[in-house]
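Each remark here refers to the structure printed beneath this line.
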Amino acid sequence: MSRTPHLADPTSVSSTGGSVSRWMPGVAFPVAVLVVFAAVVKVPTHFGVLLLLGAVGSALVFAGLRDPVVAVLLLLVTTFLRVATPSILPVDPFVLAYLGVVGAWAIWIARGADRTPRLGAIECAMVLYVTWNVMSMFSSHPYGSVIPLSGAELSVPRFVLTGAIIPFTVFVVGRATFDRVSAVRLLLWTILTLGAYSAAVSILQFHGPTALVWPRYIVASPSWVGRAVGIFDQPVVNGVVLILAFIVALLLAATRSEPRWSRILATAIAVASAYGVYLTHTRVVWLAFAVVVLIGAVSAKGFRTGFVTTGGVAAAAVTVKWSAFTSSDRSAGGVGSPDELQDRLNTAKTAIWAIQEKPLAGWGIGRFTAMNTYHHQQWAPDVPWIRGFGIASHFNELGIAAELGLIGLTLWLAVLLLLACGLFHAYRVLPADGLCGRRLALVAIMAFIVLIISGLTVDLRFFDFPNAVVMLLVGITIGWADRSPENLVTSDAHGLGSVSIPAQVRT
């Protein structure tokens with residue numbers, strides 16, 4: 001199909017009015033939803049809560065159905081707030097937001113004859129992986145989807161929704177519909193705003209005033225004491241969000257079309273996010289951050305200064321406090337604590353045993369915790385057997401292989417490989433200049449790498465927000481590569497597939 005390259009986005013015009021229109025929606029949208037949810041917590045009666053939610057929800061539904069970009073951003077905000085959202089409605093708000101994305105996308109397709117999506121290799125691999133998840137969900141397995149030590153039950157449909165369906169959906173929708181520079185800018189400012197909130201509560205958790213921290217469990221009863229857990233109550237997820245905010249902040253701070261004051265604000269958020277990463281006191285987060293800083297210092301043409309500066313400061317700090325850095329005192333910045341490593345070693349050994357026992361189809365989706373309780377394995381004699389007992393998988397790919405077998409793991413790795421190929425292809429074909437050029441591709445590549453590294457210590461399928469954000473960035477980047485001038489005539493030689501777009505691109 002003949003495709004028209006993008007025209008310059010009118011929002012790139014440098015003027016006071018234009019600059020306000022660029023950044024205001026990206027900041028106002030997530031801030032408004034955050035305020036609403038905070039108000040919901042303070043409303044004393046269920047009637048007041050329902051009234052407030054009804055009014056705001058109606059406005060958001062109307063806005064979301066009119067534009068899939070707004071619907072996707074609403075989904076991101078609701079997944080960001082999922083842990084902090086009180087259980088009032090019979091259905092979680094993020095589930096309703098997801099249905100809104102599907103509805104908005106369907107309406108968007110119906111409005112244009114040339115908008116019908118075409119499935120490529122990436123989408124086909126995603127469909128096969130989701131299908132395998134669903135088949136496992138409805139199959140019989142030796143154990144139920146429960147946590148034996150507590151008796152709590154894991155909702156398998158929700159697990160599949162957050163771990164596969166939502167991320168893959170926003171990939172497809174983002175690839176097709178985020179076809180304007182203004183839409184991408186709105187997403188970047190939304191990510192930056194949410195990341196700024198994570199940085200703020202992470203810093204306030206340690207330095208106060210703690211009365212300003214919401215939700216209260218961050219300071220009152222964090223699941224990981226002494227670590228910046230953020231609104232997710234999980235230091236790894238919080239760290240991933242802070243790293244994404246750091247990357248986006250440096251990109252926007254170096255974008256000349258942004259107003260000066262917003263570039264200064266972005267720089268401040270980058271500094272706060274970097275410090276928040278340190279406060280997570282989590283080794284895999286530090287590793288991912290170090291990799292990002294290295295990639296940025298080498299490859300971030302046009303915005304590498306922040307990466308180089310951060311790398312220099314971090315290297316100097318580690319050199320000065322080398323003894324503390326290599327100690328087992330996590331609160332002092334030490335990386336030598338053995339407990340978490342032993343947890344992961346034993347869960348890895350258990351996963352390997354599980355794969356050997358049921359290599360093809362696995363033990364069933366959502367069954368790793370039960371299997372790790374009844375068949376817990378010890379990595380080595382010098383690793384205490386009790387470490388990692390009865391907990392979820394702490395290695396994303398091994399958890400997938402144990403639950404879905406080698407077939408499920410193969411499908412998942414196929415998705416990752418195709419996404420990686422699509423990203424590197426986009427980095428090659430997108431123009432060097434512009435917000436939606438090679439810079440965007442590099443941001444998506446770094447976000448993708450951060451997600452992969454994080455999966456070395458946690459089961460990413462539990463964490464909907466980072467999955468959705470990264471997959472959305474990847475989808476948008478590949479979509480812009482689909483519409484790039486170098487792709488106008490040739491078909492996709494890499495087998496990555498394509499998505500139909502309007503004959504005339506909107507600005």
Do the side chains of [Y] and [X] get nearer than 4.5 Å, heavy atoms only?
X	Y	result
L345	K349	no
I165	Y98	yes
L187	I476	yes
V285	V240	no
I218	V229	yes
L416	E397	yes
N346	F389	no
Y275	L279	yes

How long is the straight-line distance from [atom2] of [Y] back to [atom1] of [X], given to the nearest 0.5 Å?
X	Y	atom1	atom2	value
L440	L473	CG	CG	7.0 Å
L419	F448	CG	CZ	5.0 Å
L251	M446	CG	CE	8.0 Å
I407	L360	CD1	CG	5.0 Å
L244	S198	CG	OG	10.0 Å
I449	L451	CD1	CG	11.0 Å

Between [X] and [Y], does any side-chain N to carboxylate O distance fall below 4.0 Å?
X	Y	result
R483	D179	no
E340	R227	yes
R461	E403	yes
D67	R180	yes

Is there a donor in the side chain of [X] and an acceptor in the side chain of [Y], or the other way round, less than 3.5 Å apart?
X	Y	result
T85	D92	no
D233	S223	yes
W379	Q342	no

Donor-acceptor pair, distance only, cut-off 3.5 Å: does the side chain of [X] make one with the backbone of [Y]?
X	Y	result
T79	L76	yes
D343	G388	yes
T282	P235	no
R216	V213	yes
N467	L460	yes
T477	A444	no
H394	A392	yes
E357	A354	no
T373	M371	no

[Y] ring center within less than 6.0 Å of [X] ring center:
X	Y	result
Y143	Y374	yes
H376	W353	no
Y278	F289	no
F94	F80	no
F395	F368	no

At their closest point, which heavy atom of [X] faces which heavy atom of [Y], and how far apart are they?
X	Y	value
A426	A441	C-CB, 4.3 Å
A249	L192	CB-CD1, 3.5 Å
N372	I391	ND2-O, 3.0 Å
A401	I355	CB-CD1, 3.4 Å
P359	Q356	CD-O, 3.9 Å
P215	A84	CG-CB, 3.3 Å

Item to complete: Taking the six-membered ring of W363 (Phe, Tyr or Trp), confirm whether the NZ or CZ of R367 is under 6.0 Å from its centre and within 45° of its axis.
Response: no
Practice prompt. I would like to know whether I453 and L287 meet side chain to side chain contact (heavy atoms under 4.5 Å, CB included); could you show each step before the answer?
Written response: CA-CA 8 Å; I453 293 176; L287 173 62; 4.0 Å; yes
Item to complete: Test F246 against T310 for side chain to side chain contact (heavy atoms under 4.5 Å, CB included), laying out the working first.
Response: CA-CA 10 Å; F246 173 79; T310 302; 3.4 Å; yes
Worksheet item: Run the side chain to side chain contact (heavy atoms under 4.5 Å, CB included) check on V277 and W286 step by step: do they pass?
Response: CA-CA 7 Å; V277 167; W286 293 350; 4.0 Å; yes
Practice prompt. Could you please spell out the steps behind the side chain to side chain contact (heavy atoms under 4.5 Å, CB included) verdict for S202 and N238?
Written response: CA-CA 9 Å; S202 296; N238 190 42; 3.0 Å; yes
